Number of protein chains: 2
Amino acid sequence: MPADRPPTRIQKKNRAAILEAALNVFSAQGFRGATVDQIASEAGLSKPNLLYYFPSKEAMHNALLERLLDTWLDPLRELDADGEPLEELLGYVQRKLQMSRDYPRESRLFANEIVQGAPRIHAALSNELKALVDEKVSVLQDWMDQGRIAPVHPYHLIFSIWSLTQHYADFDVQVRAVLGEEDPFATAPGFMETLYRRLLTP
Amino acid sequence: MPADRPPTRIQKKNRAAILEAALNVFSAQGFRGATVDQIASEAGLSKPNLLYYFPSKEAMHNALLERLLDTWLDPLRELDADGEPLEELLGYVQRKLQMSRDYPRESRLFANEIVQGAPRIHAALSNELKALVDEKVSVLQDWMDQGRIAPVHPYHLIFSIWSLTQHYADFDVQVRAVLGEEDPFATAPGFMETLYRRLLTP
DNA sequence: CGTGACTTTGACCAGTTGGTCAAATCAGGA
DNA sequence: TCCTGATTTGACCAACTGGTCAAAGTCACG
C-alpha cells in the first residue's frame with residue numbers, strides 16, 4: 001500500500017486492470033463465488049500483488065459498486081423536467097436499454113448484489129437512490145397532473161423501466177435460449193417504445 | 001442412502017425439512033455462498049445427516065431447481081387459447097405477480113441461477129421452456145392476426161411479463177428502499193392491469 | 001423382545017481460499 | 001551510477017468447507 005501521494009503510472013494501470021478483471025469475475029460468479037486467484041489470473045498479476053493494491057477481496061468489490069451506482073443512475077439524472085414529457089421518458093427508456101446492451105457485466109454485478117439482499121449497498125439505496133427517485137417522481141407527478149402524460153403510479157412506472165431494460169442483461173441466457181438466433185437488442189427498442197407510448201399517451 | 005423401497009415417514013419428514021432449509025439458504029446466498037453447515041443448522045440436523053439424505057450439496061440444489069421449473073411455468077401453461085384473449089393475458093400477469101408475492105424464495109433461487117449463466121439448467125431452458133413459450137407465442141400470434149389484441153412482438157411481450165412480475169421478488173430490497181412504507185403488492189396489480197390493458201387493447 | 005434395516009453423529013480429512021510476510025526486484029530522481 | 005521508495009512474488013498459514021466413515025443409537029415388525 002503506497003503512500004497517499006498522487007498515484008504513479010503503474011498504480012493507475014494495475015488498479016484499472018484489477019477492477020476490470022474483478023468486474024468480469026464478480027459479475028459472472030457473484031461475490032462469494034469469485035476467488036481472488038481467479039481475479040488475479042484474469043488480471044495477469046499474482047494474488048499477493050492484488051492484495052498490495054486492494055486490502056481485501058471485499059475492497060475490490062466495494063470499489064466496483066461505488067463506481068457503479070453513479071454510472072447506473074446517470075440516465076435517470078438526465079431526465080429533464082423542462083423537456084417534452086413523453087419524449088423525455090422514451091429517451092430514458094432507450095438510454096437504460098443501451099446500458100443493458102453495452103454494460104451487461106455492470107448490470108449483473110448490481111443484480112447479484114440486490115438479489116442477495118444488497119448487504120453492501122443497502123444504505124446507498126435508501127439514501128442516494130431513493131432521493132433521486134423521489135425527485136424524478138415528483139416531476140412525473142407534475143406531468144400527470146398537467147395532463148401531459150397519462151396518470152399511472154409513478155414509482156411502479158420507474159420500476160417497470162428498470163426491470164424491463166435490465167432483464168435483457170441479467171437474464172440474457174434465458175432470453176437467448178428462448179429467442180434462438182434473433183438478437184434481442186434488435187427488436188427490444190421497438191417493443192419498449194410501443195409499450196410506453198401506449199401506456200403514457202394521455 | 002436407504003434402498004429404493006417406498007420412503008419411510010422419517011425420510012419424508014427429513015427430506016422435506018432439508019429442502020425447505022436449502023431453499024432458504026440457496027435463495028439468500030446463491031449456490032456458492034451457501035454452506036452445507038448453514039443448511040444443516042437451519043434444518044435442525046447434523047451435516048453428515050444431510051449428506052445421508054442427499055449425496056452432495058449440488059444434489060440438494062438440483063432437487064430444488066427441478067421441482068421449481070415446473071411450478072414456475074404453471075401459470076403460463078394455464079393460458080387458454082380458447083379464452084378471451086385480453087382476459088387470459090391479464091390473468092396470466094396476475095398469477096405471475098402472485099407467485100412473486102407468495103414464493104419470493106423460489107423466484108430468487110431462479111434469479112441467482114440465471115444471472116450466473118444458468119450453468120445447471122441451461123438445457124431445460126432451451127428445451128422445456130423454449131417449447132412452452134413457442135407454443136404460447138403462436139397462440140398470441142393468432143390472437144393478434146385476428147385483431148383480438150393489438151400486435152406487438154410476442155416474445156418481448158412474455159419477457160416483459162416475466163421481468164415486471166419477478167422484479168418485485170428479486171429486487172425486493174430495492175423496491176422497498178425506494179417505496180418506504182407502502183406495500184408494493186398493494187399497488188402493483190393495478191399498475192400492471194393498466195399497463196397491459198393499454199398495450200394490448202386493439 | 002430380538003433382529004436386521006434405517007438413522008444419526010463425532011471425529012476426521014483433503015482441498016480451497018483469503019490473507020500475510022520477508023525477501024527480491026525494479027523505477028526514476030539526484 | 002546510486003539510493004530510496006515502489007512493486008512483485010514464493011512460501012506459508014489458519015480458517016473454512018464439502019465430504020467420508022465407523023461406531024452408536026433407533027425403529028418396526030415377526
Side-chain angles (χ1 to χ4, degrees), chain A residues 1-65 112-113 116 119-120, chain B residues 1-65 112-113 116 119-120:
Chain A
M1 33 184 122
D4 53 355
R5 62 194 74 181
T8 69
R9 171 181 59 85
I10 296 180
Q11 276 171 41
K12 273 189 205 166
K13 192 191 64 174
N14 283 349
R15 262 192 237 272
I18 292 169
L19 288 180
E20 171 72 12
L23 179 56
N24 279 336
V25 178
F26 282 134
S27 69
Q29 324 259 57
F31 180 76
R32 297 242 2 213
T35 74
V36 179
D37 270 318
Q38 257 175 89
I39 301 175
S41 103
E42 185 112 349
L45 298 171
S46 68
K47 179 167 68 162
N49 206 2
L50 287 218
L51 295 168
Y52 168 75
Y53 286 103
F54 292 87
S56 69
K57 175 183 171 184
E58 181 143 9
M60 301 173 208
H61 197 247
N62 284 344
L64 284 174
L65 284 179
N112 265 306
E113 176 69 9
Q116 302 192 3
R120 291 162 242 280
Chain B
M1 35 186 123
D4 52 354
R5 61 194 72 183
T8 69
R9 170 181 59 87
I10 296 181
Q11 276 170 40
K12 271 188 206 166
K13 193 191 62 173
N14 283 348
R15 262 192 238 272
I18 291 169
L19 287 179
E20 172 71 13
L23 179 56
N24 279 336
V25 178
F26 282 134
S27 69
Q29 323 258 57
F31 180 75
R32 297 243 0 215
T35 74
V36 179
D37 270 316
Q38 258 175 91
I39 301 175
S41 105
E42 183 112 7
L45 298 171
S46 68
K47 180 168 68 165
N49 206 3
L50 287 218
L51 295 168
Y52 168 73
Y53 287 104
F54 291 88
S56 69
K57 175 182 169 184
E58 181 142 9
M60 301 174 207
H61 196 247
N62 285 342
L64 284 175
L65 284 179
N112 264 306
E113 175 70 10
Q116 299 190 4
R120 291 163 243 278

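Please read these numbers as outputs of a predicted model, since none were measured by experiment. The chains referred to below are lettered A, B, ... by the order of the sequence lines, with proteins before strands, and numbering in each begins at 1.
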Restricting both atoms to N or O, compile the protein contacts to nucleotides 9-13 of chain C shorter than 3.5 Å, with distance only.
{"from": "C:dT9", "atom 1": "OP2", "to": "B:Ser46", "atom 2": "OG", "distance (Å)": "3.2"}

Which atom of B:Ala43 lies closest to which atom of B:Ala17, heavy atoms considered: CB-O, 3.9 Å
Residue pairs, two or more places apart or on separate chains, that pass side-chain hydrogen bond (donor to acceptor under 3.5 Å, both in side chains) and touch residues 19-34 of chain A: A:Glu20-A:Arg105, A:Asn24-A:Glu42, A:Asn24-A:Arg105, A:Gln29-A:Gln38
Axis-to-axis angle between the two ends of the helix from C:dC1-D:dG30 to C:dA30-D:dT1 (five base pairs per end, rounded to 10 degrees): 10°
Non-neighbouring partners of A:Ala59 that pass side chain to side chain contact (heavy atoms under 4.5 Å, CB included), sequence neighbours left out: A:Phe54, A:Pro55, A:Ser56
Working to the nearest 0.5 Å, report the span between OH of B:Tyr53 and CG of B:Asn14. 4.0 Å
Atom CZ of B:Arg15 and atom P of C:dT7: how far apart are they, to the nearest Å? 9 Å
Would one find a side-chain N or O of A:Gln11 under 4.0 angstrom from OP1 or OP2 of D:dT7? yes
Give, ordered by number, those residues of residues 16-30 of chain B having at least one heavy-atom distance below 4.0 Å to an atom of DNA chain D; if nothing qualifies, reply none. none
Quick one, B:Tyr52 and B:Leu45 - any side-chain contact, counting heavy atoms below 4.5 Å? no
Residues passing the side chain to side chain contact (heavy atoms under 4.5 Å, CB included) test with B:Leu51, sequence neighbours excluded, are B:Lys47, B:Met60
Within this structure, what is the CG-CZ distance for the pair A:Leu50 and A:Arg15, rounded to the nearest 0.5 Å? 12.0 Å
Please classify the nucleic acid contact of B:Ala40 as base, sugar-phosphate, or nothing, using heavy-atom distances under 4.0 Å. nothing
D:dT17, OP1 or OP2 - any side-chain N/O from A:Arg32 closer than 4.0 Å? yes
Test of understanding: with side chain to side chain contact (heavy atoms under 4.5 Å, CB included), list the residues that count as partners of A:Asn62, not counting sequence neighbours. A:Glu58, A:Arg120
Among D:dG18, C:dG19, D:dG19, find the nucleotide with the atom closest to the side chain of B:Leu51. D:dG19
OP1 or OP2 of D:dA6 under 4.0 Å from side-chain N/O of A:Tyr53: no
Looking at every strand, decide which applies to B:Ala59 at a 4.0 Å heavy-atom threshold: base, sugar-phosphate, or nothing. nothing
Protein-to-nucleotide contact annotation, 5' to 3' order, nucleotides 24-30 of chain C [B base; S sugar-phosphate only; - none; under 4.0 Å, heavy atom]: ---SS--
Mind calculating the distance between CZ (A:Phe31) and C1' (C:dT17) to the nearest angstrom? 12 Å
With A:Ser41 via side chain to side chain contact (heavy atoms under 4.5 Å, CB included) - residues at least two apart: none
Ring pair (Phe, Tyr, Trp, His ring centres under 6.0 Å) with B:Phe31: which residues, sequence neighbours excluded? B:Phe26, B:His61
In whole angstroms, how far is the C1' atom of D:dG18 from the CD atom of B:Glu58? 12 Å
B:Leu19 and B:Leu64: which non-hydrogen atoms are nearest, and at how many Å? O-CD2, 3.7 Å
Output yes when at least one side-chain N/O atom of B:Asn14 is less than 4.0 Å from OP1 or OP2 of C:dC6, else no. no
